[in-house]
Amino acid sequence: MSASIEIDNVTKRYGALTVLDDISLSIGAGEFVVFLGPSGCGKSTLLRMIAGLEDVTGGTISVAGQRVDTLPPGKRGVAMVFQSYALYPHMTVKQNMSFGLENIGMARDEIERRVLAAAETLEIGHLLDRKPAKLSGGQRQRVAIGRAIVKEPKAFLFDEPLSNLDAALRGRTRLELAQLHHRLGSTMIFVTHDQVEAMTLADRIVIMNARKIEQIGTPMDVYQRPASKFVASFIGSPAMNFLPVTAWENTATGLAVTTSGLGRVETGFKVTDGTSHDGATLGIRAEDITVVTDGRPGVPLTAEVVERLGDRSLVYGVLDDGTKLVVEADGRSHIKADDRVTVSADDHAFHLFGADGRAYLREAE
Ligand SMILES: Nc1ncnc2c1ncn2[C@@H]1O[C@H](COP(=O)(O)OP(=O)(O)OP(=O)(O)O)[C@@H](O)[C@H]1O
Ligand SMILES: [Mg+2]
């Protein structure tokens, strides 16, 4: 069972403070959507408004075509899983999972059926008689998810459910969650400020910043075609290199852009409305500007730090004008600090952002 979710012109204010400003978003039935953004941008607030734990100041929220922002949480058909698990310490796993259903007076054998089915899905059947204190963090998290599953909600809402787990368990639980989504086919909204979690789990990512949605897109969309400098800096590791533009000129093949660090490069963009280059920024990801060893032309870079990642190396260096740049080198290269290397970029891999931070797009895009 899954449902679409519509958020229309939703605003949230605490007194004079606006936390979310005119947010609109359509989530399809069965979609896995991740809210991603820096701390304090309003991710939890938006999720809590869908769950009914916070009122909306303006706008409407609908689940499966029915307006819910005026309904109490229990009547919205959604279930929320928190970072803190919020399990009852004096109850066993089974009691923790049954409790909410007993409260609404569900028949005992139906409760039993749902709890056993959820326990099997989550592989916690052998833990049903244990109390939370005797569970690992990952097991507790699965119980918390189990408690949501037994409600058979139309949508699951997760608020950073993995952030209390250690790195290895986090990776494994992330995979389990993806499999769970595949199996249940339920609508899921997942809040995180971890871009790897967002990239690996999401059908679509909603990138939020400063009260607004910056971009909505598939993981590859937001990575390859970031709509703003903020998105470009937030998605991808290492972060995209940014160089201030000092001049630009339209040529037959597109916009030639000059920066102090890389000189004049062809970019394939077209800016024909007479906009000035003032305040514009050229962007390039490390993987698109690489150390060349085959005599191709490029610009010199002095390596400062080399990070060896096995399949590739990241070279943190400085261009002759003092601009810092991260570039990629082959995993087998022997570059070390203080080496002078030549780096070369793929013309069509450049990103270009105007003074307002919005991205220019190439015509084919
Ligand atoms: N009850 C409240 N009263 C006043 N301001 C609040 C209240 N709850 C949240 N805020 C503010 O609303 C903004 C958004 O908070 P929210 O918890 O939604 O952020 P978040 O994106 O989930 O951040 P994090 O990644 O740290 O969890 C913050 O500036 C926060 O201080
Ligand atoms: Mg939060």
Side-chain angles (χ1 to χ4, degrees), residues 5-25 27 32-61 63 68-70 72-73 76 78-87 137 140-141 144-145 147-148 155-167 170-171 173-174 177 187-202 204-217 219 222 226-237 239 357:
I5 298 176
E6 289 287 334
I7 297 165
D8 287 314
N9 307 105
V10 164
T11 294
K12 178 67 180 178
R13 277 192 287 275
Y14 290 108
L17 177 74
T18 302
V19 174
L20 290 166
D21 187 11
D22 198 21
I23 301 282
S24 292
L25 173 65
I27 296 171
F32 199 130
V33 167
V34 173
F35 294 171
L36 176 69
S39 189
C41 72
K43 306 179 295 290
S44 296
T45 303
L46 186 56
L47 199 71
R48 292 169 61 83
M49 287 194 297
I50 299 169
L53 304 173
E54 293 285 349
D55 290 333
V56 301
T57 309
T60 60
I61 300 174
V63 174
V68 299
D69 54 87
T70 48
R76 296 189 178 198
V78 300
M80 186 139 164
V81 179
F82 300 90
Q83 175 179 350
S84 61
Y85 318 143
L87 300 179
R140 276 178 219 169
Q141 189 50 271
I145 294 171
R147 202 171 42 179
F156 289 86
L157 311 177
F158 296 99
D159 194 354
E160 310 228 17
L162 309 183
S163 34
N164 286 346
L165 306 179
D166 68 40
R170 204 178 161 130
T173 313
R174 191 172 79 209
L177 208 58
T187 311
M188 293 187 173
I189 306 180
F190 184 100
V191 165
T192 183
H193 51 250
D194 180 333
Q195 53 134 340
V196 176
E197 251 166 50
M199 292 292 283
T200 51
L201 283 170
R204 283 190 306 157
I205 302 179
V206 176
I207 297 170
M208 300 171 62
N209 183 36
R211 305 182 293 283
K212 290 277 194 191
I213 293 177
E214 287 267 336
Q215 187 172 4
I216 304 172
V222 296
S228 66
K229 199 174 156 188
F230 173 82
V231 174
S233 65
F234 204 74
I235 298 273
S237 176

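Read the numbers this way: they start at 1 and go in the same order the structure lists the ligands and their atoms. Worth knowing before you read on, the calculation uses all heavy atoms, side chains too, and leaves out hydrogens, waters and symmetry mates.
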Seminar exercise, completed: Nearest non-hydrogen protein atom to atom 1 (N) of ligand 1, with distance, is Tyr14 CE2, 3.5 Å
Seminar exercise, completed: shortest atom 26 (O) of ligand 1-to-protein heavy-atom contact is with Ser39 OG, 2.5 Å
Exercise. Less than 4.0 Å between a side-chain N and a carboxylate O, is that true for Glu54 and Lys12?
Worked result: yes
Under a 4.0 Å heavy-atom limit, does [X] contact ligand 1 with its side chain, its backbone, both, or neither?
{"X": "Lys43", "value": "both"}
{"X": "Glu160", "value": "side chain"}
{"X": "Val19", "value": "side chain"}

Exercise. Which atoms of ligand 1 have any heavy atom of Ser44 under 4.0 Å away?
Worked result: 17 (O), 18 (O), 20 (P), 22 (O), 27 (O)
Exercise. Which atoms from ligand 1 have a heavy atom of His193 less than 4.0 Å away?
Worked result: 25 (O)
Exercise. Under 4.0 Å from atom 28 (C) of ligand 1, is there any protein heavy atom?
Worked result: yes
Heavy atoms only: give me the nearest [X]-[Y] pair and the separation to one decimal.
{"X": "Ile235", "Y": "Leu36", "result": "CD1-CD2, 3.6 Å"}
{"X": "Pro226", "Y": "Val231", "result": "CB-CG1, 3.8 Å"}
{"X": "Met80", "Y": "Ala51", "result": "SD-CB, 3.7 Å"}
{"X": "Cys41", "Y": "Leu20", "result": "O-CD2, 4.0 Å"}

Exercise. Counting N and O atoms only, with roles assigned by atom type, does the side chain of Gln215 sit under 3.5 Å from a partner on the main chain of Ala227, one being a donor and the other an acceptor?
Worked result: yes
Exercise. Is the Mg ion (ligand 2) under 2.8 Å from any N, O or S atom of Ser44?
Worked result: yes
Problem set entry | Residues Asp159, Lys43; criterion salt bridge (charged side-chain N to carboxylate O under 4.0 Å, His left out); working and verdict | CA-CA 8 Å; Asp159 194 354; Lys43 306 179 295 290; over 6 Å; no
Exercise. Is Gly40 near ligand 1, meaning one of its heavy atoms is under 4.0 Å from it?
Worked result: yes
For this session: Return a yes/no value for Cys41: is any of its N or O atoms, backbone included, closer than 3.5 angstrom to an N or O of ligand 1?
Result: yes
